[in-house]
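Below you'll find the structure, written out as structure tokens, and then a few comments.
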Amino acid sequence: MVPQDLHYTKDHEWVRLSGDEATVGITKFAADQLGDIVFVELPVVGKTLAAAATFGVVESVKAVSDLFSPLSGEVTEVNPTLAGQPELVNSDPFGAGWMLKLKVSDAGELAALLDPAAYDQLIAEA
Amino acid sequence: MTEPAAEATVHSSPLAERHQALGAKMTTFGGWQMPLQYAGIIEEHLAVRERAGLFDLSHMGELFVEGPDAAAALSSALVSDPSKLAVGRAQYSMICAANGGILDDLIVYRLADERFLVVANAGNAPLVSDLLAQRVEPFRAILDDGSLATALCAVQGPRSIEIVTPLTGLDLAAIRYYGIAEGNVAGIPAMVARTGYTGEDGFEIFVETARAGELWDALWAAGQPAGMAPVGLGARDTLRLEAGMPLYGNDLDPSVNPYEANLGRVVGLDKPDDFVGRDALRRIAEAGPSRLLVGLTMTGRGIARHGYPVYAGERATGVVTSGTLSPTLGRAIALAYVAPGDAEPGTIVEVEIRAARVAAEVVPLPFYRRPR
């Protein structure tokens with residue numbers, strides 16, 4: 001079972017909402033599929049992201065994958081630890097492996113995301 | 001008229017159940033369903049560098065060429081000269097088109113005076129099998145495609161010899177690098193070659209497919225005290241890249257000739273027999289290649305990948321053909337084709353990574369050389 005307090009995208013990002021601040025990362029399922037993560041490229045603070053827009057890339061030894069913003073908003077913080085320890089995305093994807101924080105511009109977009117049960121079903125069928 | 005494309009057949013390894021039991025993530029490669037990784041690419045990679053790894057290479061193509069003129073037939077079919085091989089020795093070779101383009105890179109083993117084993121890449125094996133059959137046809141030699149009947153397991157890494165020794169009566173120390181001997185391994189008739197694709201010492205063990213499981217189980221048990229890990233294609237790729245070995249489909253393809261790939265030493269332009277591609281390759285050797293395969297280490301932040309453009313200043317100079325983060329060196333490395341004038345080690349170039357230019361330096365190959 002995935003964490004119950006999060007929202008999910010079908011591209012395997014997660015969102016933790018606290019007021020109008022959203023913390024974003026990728027799920028354990030995604031991290032496991034990618035394998036050893038060796039590089040994470042994140043946007044600059046202050047950048048405005050649209051929902052479903054690419055916000056960066058995550059690279060495993062083998063491949064490069066795009067990261068998609070679950071919600072629209074302005075980047076207020078990126079995880080500074082991932083530059084030196086990208087493997088945190090594998091070892092603690094829902095915690096220390098978080099990627100960025102957004103000031104959410106349209107909380108209504110949350111309705112388009114998956115709830116934990118729907119995401120569990122998505123990965124069960126993957 | 002061309003025939004309608006046949007349904008693509010995906011072969012499964014005779015060891016598929018064992019991979020599943022070990023929790024392997026599988027992938028399709030060269031028409032075969034093979035293990036991509038088990039515990040993880042980095043862990044598997046380091047196991048091979050530090051101890052040993054066990055590889056299922058059942059996907060590789062095994063082509064036997066036999067007959068009184070087998071040596072001459074292969075010399076005419078390939079760019080190298082297998083007639084120079086002593087029995088029990090092997091050479092790296094290539095099969096080229098008439099225009100000099102590389103159709104596959106191969107290892108040729110001389111098993112007997114009149115019997116050779118040619119090991120081809122999985123994805124090319126059907127093509128190489130057909131071409132070899134055609135090219136040896138004028139000679140007193142026949143091609144026997146043993147790809148499906150033959151399985152291959154490799155043990156690679158510094159502890160390989162101590163792992164395999166208890167399983168065989170063969171004197172493994174007497175098999176030199178690029179040598180091969182026939183004998184029993186775990187009671188199974190086998191051909192044992194001291195070759196590999198990792199940059200480490202190790203053995204490649206060919207047995208009949210029906211006995212692949214027995215061989216794997218025996219190697220697996222023998223390797224446990226030495227900390228041997230099962231290793232998938234993911235780490236096989238990073239290991240060969242650190243060792244500076246090209247991968248067909250990434251770094252080699254029909255548009256590339258051996259001189260561009262820095263493999264001119266393999267081409268026997270002066271061998272007595274004519275061979276397919278000779279005229280074109282002679283012209284290329286005389287004119288000099290128009291691009292060269294080089295090693296790059298990224299000095300800026302980012303990982304170069306297959307297909308990324310390479311620039312020398314504002315001038316486009318070439319393209320990356322393989323790239324990864326080197327688990328041994330902890331930095332991003334790549335193979336790329338660049339203009340000959342930019343191929344000297346120490347040359348600073350830039351790789352375009354997602355619309356940004358990232359600095360890289362041309363370095364001598366290999367990236368990694370095992371301690372002796």
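Throughout, protein chains are lettered first and strands after them, A, B, ... in sequence-line order, and every chain is numbered starting at 1. Scope of the values below: all heavy atoms of this structure, side chains included, with no hydrogens, waters or symmetry mates.
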Closer than 4.0 angstrom, basic N to acidic O: yes or no for B/Arg305 and A/Glu59?
yes
Should the heavy atoms of other residues, nucleotides or ligands under 6.0 Å from CD of B/Glu17 be counted, would the total exceed 12?
no
More than 12 heavy atoms from other groups under 6.0 Å of CZ on B/Arg370
yes
Taking atom CD of B/Glu314 as the centre, report whether more than 12 heavy atoms of other residues, nucleotides or ligands fall under 6.0 Å from it.
no
Taking the side chain as C-beta and beyond, is there a heavy-atom pair between A/Lys62 and B/Thr324 under 4.5 Å?
no
With a 4.5 angstrom heavy-atom cut-off, is it the side chain or the backbone of B/Arg354 that approaches chain A, or both, or neither?
side chain
Do A/Asp36 and B/Leu325 make a side-chain contact, defined as non-hydrogen atoms from C-beta onward lying under 4.5 Å apart?
no
Can you confirm whether more than 12 heavy atoms, excluding those of A/Lys47, are under 6.0 Å from its NZ atom?
no
Does B/Glu43, at its CD atom, have more than 12 non-hydrogen atoms belonging to other residues, nucleotides or ligands within less than 6.0 Å?
no
At a 4.5 Å cut-off on heavy atoms, which part of A/Ala63 comes close to chain B: side chain, backbone, both, or neither?
backbone
